[in-house]
Amino acid sequence: MHCFPCFSSPKNKKSSTTNETNENNEPRPPDRRRTEETEETEQSEGTSLKIFTFRELATATKNFRQECLLGEGGFGRVYKGTLKSTGQVVAVKQLDKHGLHGNKEFQAEVLSLGQLDHPNLVKLIGYCADGDQRLLVYDYISGGSLQDHLHEPKPDCEPMDWTTRMQIAYGAAQGLDYLHDKANPPVIYRDLKASNILLDDDFSPKLSDFGLHKLGPGTGDKMMALSSRVMGTYGYSAPEYTRGGNLTLKSDVYSFGVVLLELITGRRALDTTRPNDEQNLVSWAQPIFRDPKKYPDMADPVLKNKLSERGLNQAVAIASMCVQEEAAARPLISDVMVALSFLSMPTEDGIPTAVPILSFKDKSMSIALSRHDSNLVSLPPELATEDDKSSTSSGEESSLDSEKESVSKNKYKKKHEEEDSSMESDDGSDSNSEHEKDQDSPPPKPIDEKNQAQSLKIKYRYSWEDIDVSDERLSSKSSQKSNDESTSSRYDSDRDQEEKEKEEEEEQEHSHIEHIHSSKTDDDQSVYFDNDDDSGDDNGASLHRIKSEVEIDSIKE
Ligand SMILES: Nc1ncnc2c1ncn2[C@@H]1O[C@H](COP(=O)(O)OP(=O)(O)OP(=O)(O)O)[C@@H](O)[C@H]1O
């Protein structure tokens, strides 16, 4: 077999062949002698992707020997291999020959997959397209999958502790947030599950198997898969997806919620060895979500007494929001990520040093971080340094804008820029350029003062909209509302009062369906659903986030 590179750098193109396309404008095989004799790995144009020869990969995997087989998934077999040229250990995914991918699809797919790069994604390092062979070459992740660690642990392995679980959830949320928010066009994962979350040696999670079906740009939440084939795994797939193949970013959020529930409970998403009413994890958990007293019973028994009840309550609350039946009511993964950033903070003597307090009141959900020691509370570095996220800590508008749910990435960016410029006129500072932003924006205001409770709140405002609302209406209305209300961070201690008054005003304007209350007192730190409202089952209404804002307060005790 010989290499059949689809793409090559201009330099390589010149040297490989003068007949790059045939009369049908299809790529021709390169000069056979070159690939056989030199075995030189090419670089794909415009990406860091390497184009491997089939021979290289056969050598790397000892001719795809059984002993190198890591497993077989929906797309084909995966082999562990070592690249002869560099010694790098890789995972080689040999795609099913009878799969969906034609040559063109494959080309488009690998090129866009090659652009994706995030510490919480398994990195695609190259590919091979040779005749009817299609192979993808990934970094090898040595620690096994979350599924292995959680559900099939080796007998000599300690069960994963609570903080590790929350750190895995946080890392996975960051990977997913990258796919949803940073990748352009956004990538819907489709098949997020514990077996697709690989762990490296220090338990850092890496999402694998993403983007094997690339999605075209759509209209935000309504993005559809190019393929109508319903994928996903039972137990993880969102109801709207399994029912009608309707795939959106929120379907991923649902699957994420299931993984979070697995981490919390130690139960499988689907476990046919359990009694009927306990086989499906979400169905089992739904009634418990409404009864916080039962939350401790939900926790993985191996964690007994080794987790904070507050942390558990918050994690369950996040999971319960993610697995809501109504896709539009699920939070954005970026919101989930922020909440988990706090839950995953290291603990002192098993007690988390900081616990987020989620409060759901009328149209707003707040995530507040409280701690009562003298250490600084600041956003985790990954949230504080990136441009989008720096806004959460530097007093600018939050990047967690409602519009990204309902408009395309480009539209979102445009909106973001507009708001940036409105921010500019508001506060007189120039925040347009990323570079300037990095240089000029003041560092996050320290909020630490001894004997003060510290609180960082990220508020998400939701409004009720008819479900059949058109995207245009949703986005323009939301946008208007979002623009009308300034989205700035405030540091002054009068903010709470102001906020309360504003909320009361807004309360009169909108009806609400569901409350989840959070009590801030130390002994009663509960989060619970309040179904006291008969508008709860309002037909044709759903929650849409219209605004988010960040505030960092120092609250005198
Ligand atoms: N980059 C990698 N590093 C290490 N092991 C990997 C890597 N990619 C996949 N694997 C392992 O290879 C096996 C097959 O993986 P694959 O993703 O193809 O299927 P799956 O996740 O088991 O099932 P599905 O296709 O339904 O998602 C799994 O055991 C997986 O953990």
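Both counts, for ligands and for their atoms, begin at 1 and track the order of listing. A quick note: this is a predicted structure, and the numbers were derived from the prediction, not measured.
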Would you mind listing which atoms of ligand 1 come within a distance below 4.0 Å of any non-hydrogen atom of [X]?
X	value
Y140	3 (N), 4 (C)
V122	1 (N)
D191	27 (O)
A91	1 (N), 2 (C), 3 (N), 7 (C)

Which residue owns the protein heavy atom closest to [atom], what's the atom, and how far is it?
atom	value
atom 23 (O) of ligand 1	G73 CA, 3.6 Å
atom 25 (O) of ligand 1	G74 N, 2.5 Å
atom 17 (O) of ligand 1	D209 OD2, 3.1 Å
atom 16 (P) of ligand 1	K93 NZ, 3.8 Å
atom 21 (O) of ligand 1	N196 OD1, 2.8 Å
atom 3 (N) of ligand 1	I141 N, 2.9 Å
atom 10 (N) of ligand 1	V78 CG1, 4.0 Å
atom 1 (N) of ligand 1	D139 O, 2.9 Å

Quiz prompt | Candidate with minimal heavy-atom separation from atom 8 (N) of ligand 1, of L95, L198, L146, L136 | solution =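 The option holding the nearest heavy atom is L198.
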Quiz item: Between R77 and ligand 1, which part of the residue brings a heavy atom under 4.0 Å of the ligand: side chain, backbone, both or neither?
Solution: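 Neither; no heavy atom under 4.0 Å.
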Quiz item: Where does L70 meet ligand 1, judged by heavy-atom distances below 4.0 Å: at the side chain, the backbone, both, or neither?
Solution: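 For L70, the contact with ligand 1 is made by both the backbone and the side chain.
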Exercise. Determine whether any heavy atom of K193 lies closer than 4.0 Å to an atom of ligand 1.
Key: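 It does; at least one heavy atom falls under 4.0 Å.
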Exercise. Could you establish whether K206 and ligand 1 come within less than 4.0 Å of each other, counting only heavy atoms on the residue side?
Key: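 False for this residue.
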Quiz item: Would you call the rings of Y189 and F210 parallel, tilted or perpendicular, where under 30° means parallel and over 60° means perpendicular?
Solution: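 Plane angle over 60°, so perpendicular.
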Quiz item: Of R134, Q133, R77, E72, which meets side chain to side chain donor-acceptor pair (under 3.5 Å) against Q94?
Solution: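 Only match with Q94 under side chain to side chain donor-acceptor pair (under 3.5 Å): Q133.
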Looking only at atom types and distance, does a side-chain atom of [X] sit under 3.5 Å from a main-chain N or O of [Y], one as donor and one as acceptor?
X	Y	answer
Y295	F289	yes
K123	Y138	no
Q324	M321	yes

Quiz item: Is there any N or O on S208 that sits under 3.5 Å from an N or O of ligand 1?
Solution: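 Between S208 and ligand 1, no N or O pair is found under 3.5 Å apart.
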Quiz item: Judged by modelled atom types alone, do S255 and D252 share a side-chain donor-acceptor pair under 3.5 Å?
Solution: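 No.
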Practice problem: Measure the CG-CD1 distance between L199 and I141 for me, rounded to the nearest 0.5 Å. | Solution: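 These two atoms lie 9.5 Å from each other.
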Any side-chain heavy atom of [X] sitting closer than 4.5 Å to one from [Y]?
X	Y	answer
D271	E278	no
I168	V259	no
F52	L135	no
L249	I333	no

